[in-house]
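First comes the structure, then the notes that go with it.
Being a predicted model, the structure only gives us computed values, none of them experimental.
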Amino acid sequence: MKKIVLYFMLLAMPALASAQDNKYQVRVGWGGYPVTEMFLYGISWCDCGPSDISLFDIYWDSNGAIYSTGSMSAEFSWLLKDWFTLSLTGAVNLTWQNSFDAVTGKRTGTEYCGVAYLMPECRFNWLRKDLVKMYSSVGVGVMVCPEFYYYVLPAGQISPVGIEVGKKVYGFCELGIGLMYTGAKAGIGFRF
């Protein structure tokens, strides 16, 4: 066991030696509602069409609203140039939906699902000050959907504007649209 710990410490030495350069970042964040749910669950912005209601629909269990945790992510970034950062993001989004008895209205069960994402991203740093950095990013990766027999599907994410405020420990917020999150994503990061 001591040899394994020593081995990993030796592997980490180059990264620790270059720690003064602040070339690496670790970030954790929480993003908005993913577009993925619209595709997986058929959620539409307007359910305006006529509905054909049968006795089955009236007396069978009804489903409640679909809830989502939003995209919870962890990211490792490498500053290759002053204006360019390469990152790898891993994220997960959990959803759940309650079902209710049509006659009594009591909850009869809950269905759970989750989607995992792995996405390399290119971040273009277009404002670089001591305390404030602004950027845009684009990423293309994969998502794993256990609801569809663990299919690995392509995923993309675009963030036209993002901001980081701080030095070694910083906060960040970005606006984006994609299969990983839509709306805002915010969190904290650490440079080393």
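Side-chain contact of Thr95 with Gln97: a donor-acceptor pair under 3.5 Å is absent, judged by distance alone. Asn98 and Thr110 share a donor-acceptor pair across their side chains, judged by distance under 3.5 Å alone.
Geometric assessment of Arg27 against the ring of Phe190 yields a negative cation-pi assignment under the 6.0 Å and 45° thresholds.
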Distance-only donor-acceptor pairs under 3.5 Å for side chains of residues 79-88, two or more places apart:
residue: Asp82; atom: OD2; partner: Arg128; partner atom: NE; Å: 3.0
residue: Thr85; atom: OG1; partner: Asn125; partner atom: ND2; Å: 3.0

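Criterion: ILVMFWY side-chain heavy atoms under 4.5 Å apart, direct or through other members. Under it, Leu175 and Ile177 are not part of a common hydrophobic cluster. With hydrophobic clusters built from ILVMFWY side chains whose heavy atoms lie under 4.5 angstrom apart, Met119 shares a cluster with Tyr151. Val169 is not connected to Leu131 by any chain of hydrophobic side-chain contacts under 4.5 Å among Ile, Leu, Val, Met, Phe, Trp and Tyr, and they are in different clusters.
Aromatic ring centres of Tyr135 and Phe124 lie farther apart than the 6.0 Å criterion allows.
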Take Leu127 and Lys133, measure what side chain to side chain contact (heavy atoms under 4.5 Å, CB included) needs, and give me the verdict at the end. CA-CA 5 Å; Leu127 177 69; Lys133 293 182 178 15; over 6 Å; no
Show your working on side chain to side chain contact (heavy atoms under 4.5 Å, CB included) between Glu121 and Glu75 and close with a plain yes or no. CA-CA 10 Å; Glu121 290 183 286; Glu75 175 182 326; 4.2 Å; yes
Please evaluate residues Ile188 and Val28 with respect to the criterion side chain to side chain contact (heavy atoms under 4.5 Å, CB included), reporting the C-alpha separation (whole Å), side-chain torsions for both, the decisive distance (0.1 Å), and the verdict. CA-CA 6 Å; Ile188 60 169; Val28 291; 3.8 Å; yes
Apply side chain to side chain donor-acceptor pair (under 3.5 Å) to Tyr170 and Gln25, showing your working. CA-CA 10 Å; Tyr170 61 91; Gln25 298 177 18; 2.6 Å; yes
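Rounding to the nearest 0.5 angstrom, the gap separating the CD1 atom in Ile158 from the OG1 atom in Thr182 is 11.0 Å. Here the straight-line distance linking atom CD1 of Ile163 with atom SG of Cys173 works out to 8.5 Å at 0.5 Å rounding. Taken from CE in Met180 to OH in Tyr117, the straight-line distance is 8.5 Å, to the nearest 0.5 Å.
Between Thr89 and Lys185, the closest side-chain pair of non-hydrogen atoms falls below 4.5 Å. Residues Trp96 and Thr69 are in side-chain contact: their nearest non-hydrogen atoms beyond the backbone lie under 4.5 Å apart.
Across Ser159 and Tyr181, no two heavy atoms sit closer than the pair OG-OH, 2.9 Å. A pairwise comparison of heavy atoms in Val161 and Met134 identifies CG2-CE, 3.8 Å as the closest pair. Minimum interatomic distance between Lys167 and Asp130 (heavy atoms only, all atoms of both residues): CG-O, 4.1 Å. In terms of heavy atoms, Asn93 sits closest to Ser71 at OD1-N, 4.2 Å. Heavy atoms only, all atoms of each residue included: Leu179 and Pro154 are closest at CD1-O, 3.7 Å. For Trp126 against Ser136, the heavy-atom pair with the smallest separation is NE1-OG, 2.9 Å.
Heavy-atom neighbours of Trp78 CH2 from other residues, nucleotides or ligands within 6.0 Å: at or below the threshold of 12. The neighbour count for Trp30 CH2, taken as heavy atoms of other residues, nucleotides or ligands under 6.0 Å away, does not exceed 12.
At least one donor-acceptor pair closer than 3.5 Å links the side chain of Arg191 to the backbone N or O of Gly166. Remark: side-chain polar atoms of Glu164 are not paired, donor with acceptor, to backbone N or O of Val132 under 3.5 angstrom.
Between Glu174 and Arg123 there is no salt bridge, since no side-chain N of the basic residue sits under 4.0 Å from a carboxylate O of the acidic one.
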